[in-house]
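In what follows, every chain begins at residue 1, and chains take the letters A, B, ... in the order their sequences are listed.
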Amino acid sequence: MTEIAVDFPKNFKKALGDGQLRRNLRAAMDTLGLRRRTLFSDPELFEQLRARGDAIRQRALRQLPELLERLEQKCTENGIQVHWAETPADANAVFLEIIQRHHATRVIKGKSMVSEEVHLNHFLHERGIEALETDLGEYIIQLEHETPSHIIVPAIHKNRDQIAKLFHEKIPNTPYTEVVEELNAIARQVLREKFFAGEIGVSGVNFAVAETGTLCLVENEGNGRMCTTAPPVHIAIMGIEKVVERLEDVPPLLRLLTGSATGQLITTYFNMISSPRKPGEKDGPKEVHLILLDNGRSKIWADPELRHTLKCIRCGTCLNHCPVYTRLGGHAYGYVYPGPIGSILTPQIEGLKNAGAMATASTFCGACEEVCPVKIPITDILRRLRTESYDKDETPNSVKEHGYKSNATENMTWKGWAFSNATPWINAVSAKLLGLVGPQLPKLPAVGIVKQWSQSRALPSFATKSLHVLAKEKGIADE
Amino acid sequence: MSDARANILARLRAAARPVVGDTEPDAPPVPELSQADKIAQLKQRMETMHAEVIVTDRRQWLATLKEVLRKRQLNGLLYGPQTAVGAALAADWDSDLPPLVGYEQSVEDCKERLFSIDAGITSTQGGLADVGALILWPTADEPRLMSLAPPLHIAVLEADKIHESLASAMRRERWAEGMPTNALLISGPSKTADIELVLTFGVHGPKELVVLVLDG
């Protein structure tokens, strides 16, 4: 991912001040939330379903190394070529090798967050290979040289006027139109020629079934099917956590995914790929490749608490329900995965120094956990990341760059606080002092840290008498 | 890349794993339905997703198909001559209907035709009542692009092959024992909501899906 530290306060301020962005987002997030609630209208059934989903994902993760080997074995038997990649660079090297071996220049892509994670498009572009996004939302943002602002609806930050202008300016001979159907037809026209001519198709994977060596893809537009059917070569990339044990594990997860993402009972297409074209078959790729990407996941997996991060099925519903995301959109977070899931996943992959601030972009309201279809304890993990940001003690499972916020002043303050609370006479004196000084604080000029803190908060009012004193006065024994 | 494999697996193997029981909560049950109810549910669900679902007597289906075709201006109908559906078409075709075009060569030799023909007809492996979807297992005789490249996809579904749910279809037909090259669920014409969440039909796949449910 990006190596530059992200300036969160600046990004946040910019996003919050963008009225157009906030209107676009608000409308979309409310609609997605409503659709989801309509589909999962029975809370008992939903609880039952997500308990099932959670159990399936936990079972899969528990056996992760075995399932990956089994997936590799089944895929290989089926004729799918499996590649392992520890880092984004490894994964990109595999892509490049296959593309160059076929002397290909026309790569067509279905939507894949993992391909964003490894910055595949940028990597190929630098080597003179154009990778064209074919999902409508991805196509729109690629024209604008942007990254997705949402896991499921990547161009949701844009409205039709902005897209109309973009198409008119960037696609030759395109009249200006704000009619959504016409915009869609323009994209269809352009991309149909690309599907026809594509030499390499790239896709992600929603679930990979170890039992049968099957790659499952969920989509509505048909571009995913095009990318995995029309070109002679298909390369799929997935994070190692995407494997499930059995084929029968798929139906509950599929329902949870489509219902949580867009409130759909099922998408238009559910595409299950188990092999390349067999002898006698007339279409489908002659070569299918699967890239298994680690990129920090095996480290996350080693920690029993953090491991829950890997249960995620990328439905994006935590974004739609997050009071922070719904006001900022995805770009302000500065990384590929935004919102609550991004805020727990990204710091673990990228390290706390650059991405740790994402864990502070939360109100701890817990809405994300309430809607999560696989019950990821998002707030616990956020709290863990915040704690680790200050914790210098090294353990085998410490998050990368833990303790980066640790500083002498704060450490001293907390040590002092702990000491004063453990020493009754100091506690009594300091409580009394605060009782005297505290009420005067709001009258003092707000400077430095107090100014920063009180910008959006009211200062608490101090009681003139501490609880200890009050209790004593009432004759209650408090020791 | 073999190093990558060894390193990833070694890291995963090094970590401690929790010991847990074998009991897992079940998914909510899907009620069993009569065939009539399964047809009704599939029809209602698929129509919500803008598919046109026509329930027809199995002895009348060809006449129903011809009506569907006569209502439209089509430059041809892509079909699989070696399938049961294909044989029925070839045996009784009328000159005022769009010409039948067989998918008989590899895609490399007929790509242009596949991407310019107006309609394709396929059989189906079955249907799903609970979500309203077709199951397709494309074959050498009925390849994958037939249900994807033409703007109109017509699917023939035998009513007794409609299952309550995906889970029951997988169980009853023992999918886990052998998956085809490609298996598909299709719930309607292709669609998108990527611009302002406005639902628009007809993106990269078919713009129209017509399902003929053969009953009786």
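Of the atoms belonging to B/Glu112, heavy atoms from both backbone and side chain fall under 4.5 Å from chain A. Interface remark: B/Asp109 contributes no atoms to any contact with chain A (heavy atom separation under 4.5 Å). For a residue to count as touching a neighbouring chain, one of its non-hydrogen atoms must lie under 4.5 Å from one of that chain's; by this rule A/Arg255 touches chain B with the side chain only. Of the atoms belonging to B/Tyr103, heavy atoms from both backbone and side chain fall under 4.5 Å from chain A. When heavy atoms are compared at a cutoff of 4.5 Å, A/Pro396 does not approach chain B at all. With a 4.5 Å cut-off on non-hydrogen atoms, A/Asn223 touches chain B through its backbone and its side chain both. Using a 4.5 Å cut-off between heavy atoms, A/Arg35 contacts chain B through its side chain alone, with no backbone atom that close. In this structure, chain B has a heavy atom under 4.5 Å from the side chain of A/Thr212, while its backbone stays farther away. Contact annotation for B/Ser147: both backbone and side-chain heavy atoms come within less than 4.5 Å of a heavy atom of chain A.
Between B/Leu78 atom CG and B/Ile154 atom CD1 the span is 11.0 Å, to the nearest 0.5 Å. Atom CD of B/Glu208 is separated from atom NE2 of B/His153 by 12.5 Å, given to the nearest 0.5 angstrom. How far CD1 of B/Ile8 is from CG of A/Leu68: 8.0 Å, rounded to the nearest 0.5 Å.
Remark: the B/Glu142 side chain and the B/Ser123 side chain contain an N/O donor-acceptor pair separated by less than 3.5 Å.
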